[in-house]
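Note that the coordinates shown come from a computational prediction; the quantities given were computed from them, not determined experimentally.
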Amino acid sequence: MSTNINIGRSGWAGIALEPTPGVPTSPTDYLQFTANTLGGMVKNVDISNATQNRIKVFNSVQTEKWGAGDLEFYADPKYMGYFLVSALGSVATVALGSGAFQHTVNVDNSNTAPQTMTIINDRLGALDQEAYYSATVDTLSLTLTDGVATCKSTLMSLFPQTTASGTATTASGTVYAFPSSRFAFGTSVANADVNAFANNIKTHEFQLDIKNNSKM
């Protein structure tokens, strides 16, 4: 099966968290990705019963259909949050004023369904536009080296459907590199936050990998 890889200059991907898994949600942001391999996957089972012919495989039937692929992008705090929440499952948001917000993302230890997303994948035009509902993060990697910080997310979803939803908008973002990164330590999250600038460790190389072992 062939896979299309889109670069960030061609097409777009609209993203939104789903309040209810699998229920379509209109895009709330448009991801400025650097690579995109989202596509539909189909598993076929051969039909090889006797057909009075020497050809063994006469036909096949579809047994499983799903969506899958990778999205790669710079570690912009606006877009990265969608994937962190989907990967970990729980977020608490506090308004700080002047349009600024603090988001605390934690692992959801309950037995509820994972936080899912709707992704609208435009592949160079309205005639080739697909919706991926119930998209779940299988893996998420945050990588920081001597360049720009990057994220890569491997996703699984329901089989893509054709759609005309979404109108892409391009907004300036924030790109992080290693001078932007600090580690802070404390006896609690609040304590570490208070001492973040007094007791921090500058980071030169860092990688965080989250694995959810998602299954369709």
Side-chain angles (χ1 to χ4, degrees), residues 13-33 38 66-121 131-144 149-158 166 171 173-176 180-197 200-201 203 206-216:
I15 56 177
L17 296 177
E18 294 178 344
T20 303
V23 176
T25 305
S26 298
T28 52
D29 275 304
Y30 291 86
L31 179 67
Q32 299 173 17
F33 56 78
L38 286 177
W66 70 99
D70 298 333
L71 283 173
E72 298 181 40
F73 52 96
Y74 294 135
D76 185 297
K78 184 175 184 180
Y79 306 118
M80 185 170 56
Y82 288 90
F83 297 87
L84 283 171
V85 173
S86 184
L88 297 177
S90 176
V91 60
T93 300
V94 177
L96 301 178
S98 302
F101 296 86
Q102 176 179 289
H103 306 285
T104 303
V105 184
N106 294 306
V107 175
D108 186 351
N109 290 319
S110 69
N111 198 31
T112 59
Q115 174 63 61
T116 58
M117 294 187 289
T118 289
I119 300 176
I120 306 297
N121 190 29
Y132 294 76
Y133 303 130
S134 199
T136 304
V137 171
D138 182 33
T139 64
L140 178 63
S141 296
L142 170 62
T143 303
L144 178 67
T150 60
C151 284
K152 179 179 179 180
S153 181
T154 299
L155 300 157
M156 302 178 73
S157 73
L158 299 178
T174 301
V175 177
Y176 287 137
S180 310
S181 177
R182 299 287 189 274
F183 277 100
F185 298 89
T187 56
S188 66
V189 174
N191 181 262
D193 186 52
V194 169
N195 296 323
F197 294 98
N200 58 48
I201 298 176
T203 308
F206 173 74
Q207 179 159 335
L208 172 68
D209 295 312
I210 300 172
K211 176 67 174 176
N212 273 335
N213 296 316
S214 298
K215 293 183 179 180
M216 292 304 300

S141 meets the side-chain hydrogen bond (donor to acceptor under 3.5 Å, both in side chains) criterion, sequence neighbours left out, with D209
Separation between NZ (K211) and CG (D138), nearest 0.5 Å, reads 3.5 Å
Value for CG (L140) from OG (S153), rounded to nearest 0.5 Å, stands at 5.0 Å
Query - Donor-acceptor under 3.5 Å (T139 side chain, N212 main chain) - result: no
Rounded to the nearest 0.5 angstrom, the CG-CG distance for N121 and L31 is 10.0 Å
* To do: May I ask you to decide if A13's main-chain N or O and Q32's side chain share a donor-acceptor pair within less than 3.5 Å?
  => no
Donor-acceptor pairs under 3.5 Å, side chain of residues 87-103 to any protein atom, not counting sequence neighbours: which ones?
| from | atom 1 | to | atom 2 | distance (Å) |
| --- | --- | --- | --- | --- |
| T93 | OG1 | H103 | ND1 | 2.9 |

CD1 (I119) and OH (Y82) are apart, to the nearest 0.5 Å, by 11.5 Å
Can you tell me if S86 uses its side chain to pair, donor with acceptor, with the backbone of L17 under 3.5 Å?
-> no
Applying side-chain hydrogen bond (donor to acceptor under 3.5 Å, both in side chains) to D70 and not counting sequence neighbours gives T154
Across all chains, not counting sequence neighbours, the ring pair (Phe, Tyr, Trp, His ring centres under 6.0 Å) partners of F73 are F83
Below 3.5 Å, can you tabulate the donor-acceptor pairs from side chains in residues 20-27 to any protein atom, sequence neighbours excluded?
| from | atom 1 | to | atom 2 | distance (Å) |
| --- | --- | --- | --- | --- |
| T25 | OG1 | V23 | O | 3.2 |

Hits for side-chain contact (heavy atoms from CB on, under 4.5 Å) against L158, two or more places apart or cross-chain, chain-then-number order -> Y133, S134
The side-chain hydrogen bond (donor to acceptor under 3.5 Å, both in side chains) partners of S157 (sequence neighbours excluded) come to none
Residues 74-91 vs salt bridge (charged side-chain N to carboxylate O under 4.0 Å, His left out), sequence neighbours excluded, gives D29-K78
Residues 92-109 vs salt bridge (charged side-chain N to carboxylate O under 4.0 Å, His left out), sequence neighbours excluded, gives none
By ring pair (Phe, Tyr, Trp, His ring centres under 6.0 Å), Y74 pairs with (sequence neighbours left out) none
dist Q115:CD -> L84:CG (nearest 0.5 Å) comes out at 12.5 Å
Contacts of T136 meeting side-chain hydrogen bond (donor to acceptor under 3.5 Å, both in side chains) (sequence neighbours excluded), chain-then-number -> none
